[in-house]
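Order of the sequence lines fixes the chain letters, A, B, ..., with proteins taken first and strands second; residue numbering starts at 1 for each chain.
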Protein chains: 2
Amino acid sequence: MRKPPARPPIVPEDINIDVLEDTLSFYIRTINLAVSRDLDERLEGLDVAKGTGKITTLLLVDDYPGIRPSVIAHLILRDRSAMGRLIDQMEGHGLIRREVSPDDSRAQELYITEAGAALAVKIREIVPKQSRDFFSFIPEDEQRLVMDILRRAYRRIVGLP
Amino acid sequence: MRKPPARPPIVPEDINIDVLEDTLSFYIRTINLAVSRDLDERLEGLDVAKGTGKITTLLLVDDYPGIRPSVIAHLILRDRSAMGRLIDQMEGHGLIRREVSPDDSRAQELYITEAGAALAVKIREIVPKQSRDFFSFIPEDEQRLVMDILRRAYRRIVGLP
DNA sequence: GCAATTGGTGGATAATAGCAACTATTTTCG
DNA sequence: CGAAAATAGTTGCTATTATCCACCAATTGC
């Protein structure tokens with residue numbers, strides 16, 4: 001007895017992912033994987049790869065000289081210890097530097113370096129472009145729609161107005 | 001000379017996150033962190049925490065008895081070696097078991113166990129509820145909208161029709 | 001029957017995250 | 001004023017993950 005076309009056991013085409021089909025968190029989590037990998041590739045060798053942290057930090061320090069680690073930590077959803085190590089790293093790469101705040105000697109103020117500022121310029125080009133490219137199969141207006149909604153979600157999560 | 005109200009260096013309220021403001025990937029990546037943490041809390045102690053993998057795997061194995069590791073790996077965006085370890089784990093917890101496929105002795109077929117099926121029942125309740133709750137501040141219709149768009153993105157990424 | 005492909009395993013390394021404990025300041029307030 | 005509480009940041013530890021790569025076995029194509 002011959003086997004019928006040797007069923008490729010379950011063909012991906014038929015697959016339905018159960019309740020996850022209607023679960024927003026599933027899509028966020030999975031797409032996050034894909035988009036993060038793609039982004040990492042584009043940032044290859046740029047001293048700022050892996051993890052949402054570095055990019056946001058770089059831009060914030062560039063935009064708000066003297067900003068404090070804990071403020072950034074809050075915005076990128078990391079705890080202070082993770083933030084500290086992130087800063088160690090970026091300082092090690094010569095992208096930012098820290099000073100003790102004259103206002104409060106427990107606190108630090110972060111400043112961009114020349115190298116950091118230069119990198120920020122590149123980042124401002126690459127990162128939004130990567131996002132647009134990656135999601136290019138989603139029509140522009142839908143992209144904006146999703147973004148508007150997720151922006152509100154983000155702001156709500158971190159407590160921005 | 002007194003210091004004015006001791007400026008809390010930069011107040012989160014004033015902060016604007018530069019180009020990331022309009023970068024979809026930023027929101028996906030950041031919200032992913034928040035929603036994943038929240039989900040982990042809700043799954044506390046349930047043998048299936050951390051990482052998109054386990055939940056999807058459990059449901060797929062429950063729905064498609066005999067499904068192959070590599071099919072799941074593809075759907076959850078992991079490579080075969082990561083998938084293998086994930087299965088080791090779940091097998092260790094007695095949630096699924098593997099058999100060598102009679103059709104192709106390189107391949108395996110995955111089957112749910114009783115414990116796994118029981119857990120799947122719980123998961124089907126908890127996971128979608130967690131997502132709805134977490135995003136409850138987004139109006140229902142907008143949630144659906146985002147989901148419809150991201151579903152297409154996901155399907156496109158993994159090559160589903 | 002040989003070469004190329006596919007499915008899965010195993011190892012090593014590196015990266016991350018999350019906790020908890022600790023120091024130093026600053027703030028609160030009785 | 002002075003003790004207690006809160007805040008900012010650091011450090012150490014542990015567990016978990018991810019990635020990459022090489023590897024073996026089976027299968028498929030020609």
Side-chain angles (χ1 to χ4, degrees), chain A residues 3 5-10 12 29 32-34 36-41 43-44 47-54 57 66-74 76-92 96 98-110, chain B residues 3 5-10 12 29-30 32-34 36-41 43-44 47-54 57 66-74 76-93 96 98-110:
Chain A
K3 303 176 221 168
R7 126 195 107 123
I10 277 97
R29 283 154 58 90
N32 167 64
L33 276 179
S36 293
R37 273 181 211 154
D38 186 71
L39 179 58
D40 281 347
E41 275 177 37
L43 295 177
E44 186 87 33
D47 262 355
V48 65
K50 305 269 181 191
T52 328
K54 300 195 202 72
T57 301
I67 193 171
R68 291 188 182 176
S70 55
V71 172
I72 301 178
H74 180 73
I76 62 178
L77 275 60
R78 281 196 173 57
D79 71 358
R80 293 197 309 277
S81 84
M83 189 69 219
R85 290 185 238 269
L86 206 153
I87 295 173
D88 289 345
Q89 223 184 103
M90 296 181 67
E91 201 179 25
I96 59 181
R98 37 185 158 194
E99 290 179 14
V100 173
S101 166
D103 291 351
D104 178 346
S105 42
R106 289 171 302 184
Q108 302 175 347
E109 298 182 347
L110 302 176
Chain B
K3 303 176 221 168
R7 128 196 106 120
I10 277 99
R29 284 154 58 90
T30 312
N32 168 64
L33 277 179
S36 293
R37 272 181 212 156
D38 186 73
L39 179 59
D40 282 347
E41 276 176 36
L43 295 176
E44 185 86 34
D47 262 357
V48 64
K50 307 268 178 187
T52 328
K54 301 195 200 70
T57 301
I67 193 172
R68 292 188 182 176
S70 55
V71 173
I72 301 178
H74 180 73
I76 62 177
L77 275 59
R78 280 193 174 55
D79 71 359
R80 293 196 309 277
S81 86
M83 189 70 219
R85 292 184 237 269
L86 205 154
I87 295 173
D88 289 344
Q89 221 183 105
M90 296 182 68
E91 201 178 26
H93 287 307
I96 60 181
R98 37 184 157 194
E99 290 179 13
V100 172
S101 166
D103 291 350
D104 178 345
S105 41
R106 289 170 304 182
Q108 302 174 346
E109 298 182 348
L110 301 177

Which residue is it: Met83(A), Glu109(A), His74(A)? I am looking for the one with a side-chain contact (heavy atoms from CB on, under 4.5 Å) to Pro69(A).
Met83(A)
Roughly how far, to the nearest 0.5 Å, is the CG atom of Asn32(A) from the OG1 atom of Thr30(B)?
9.0 Å
Measure the distance from CG on Asp104(A) to P on dT26(C) and round it to the nearest whole Å.
5 Å
Are a donor atom and an acceptor atom from the side chains of Arg80(A) and Ser70(A) found within less than 3.5 Å of each other?
no
Report the distance from atom CG of Asn32(A) to atom P of dT16(C), rounded to the nearest whole Å.
13 Å
Roughly, in whole Å, what's the span from CG in Leu86(B) to C1' in dT9(C)?
15 Å
The test is side chain to side chain contact (heavy atoms under 4.5 Å, CB included); show your working for Lys54(B) and Asp47(B) and say whether it passes.
CA-CA 9 Å; Lys54(B) 301 195 200 70; Asp47(B) 262 357; over 6 Å; no
Take atom CD of Glu44(B) and atom P of dG18(C), then tell me their distance rounded to the nearest Å.
13 Å
Measure from CZ on Arg80(B) to C1' on dC24(D) and round the result to the nearest Å.
12 Å
How many Å lie between CE on Met83(B) and P on dG7(C), as a whole number?
14 Å
To the nearest 0.5 Å, atom OG1 of Thr57(A) lies from atom CD1 of Ile96(A) at 7.0 Å
For Leu110(A) and dG9(D), give me the distance from atom CG to atom P, rounded to whole Å.
8 Å
Ser70(A) side chain N/O closer than 4.0 Å to the phosphate oxygens (OP1, OP2) of dG9(D)?
yes
Side chain of Arg98(A): nearest nucleotide among dT25(C), dA8(D), dT10(D)?
dT10(D)
Nucleotide by nucleotide, 5' to 3', does protein get under 4.0 Å of the base (B), only the sugar-phosphate (S), or neither (-) in nucleotides 14-19 of chain D, counting heavy atoms?
---SSB
Within this structure, what is the CZ-CG distance for the pair Arg68(A) and Leu110(A), rounded to the nearest 0.5 Å?
10.5 Å
Quick one: which of dG8(C), dT10(D), dA24(C) gets closest to the side chain of Arg106(A)?
dA24(C)
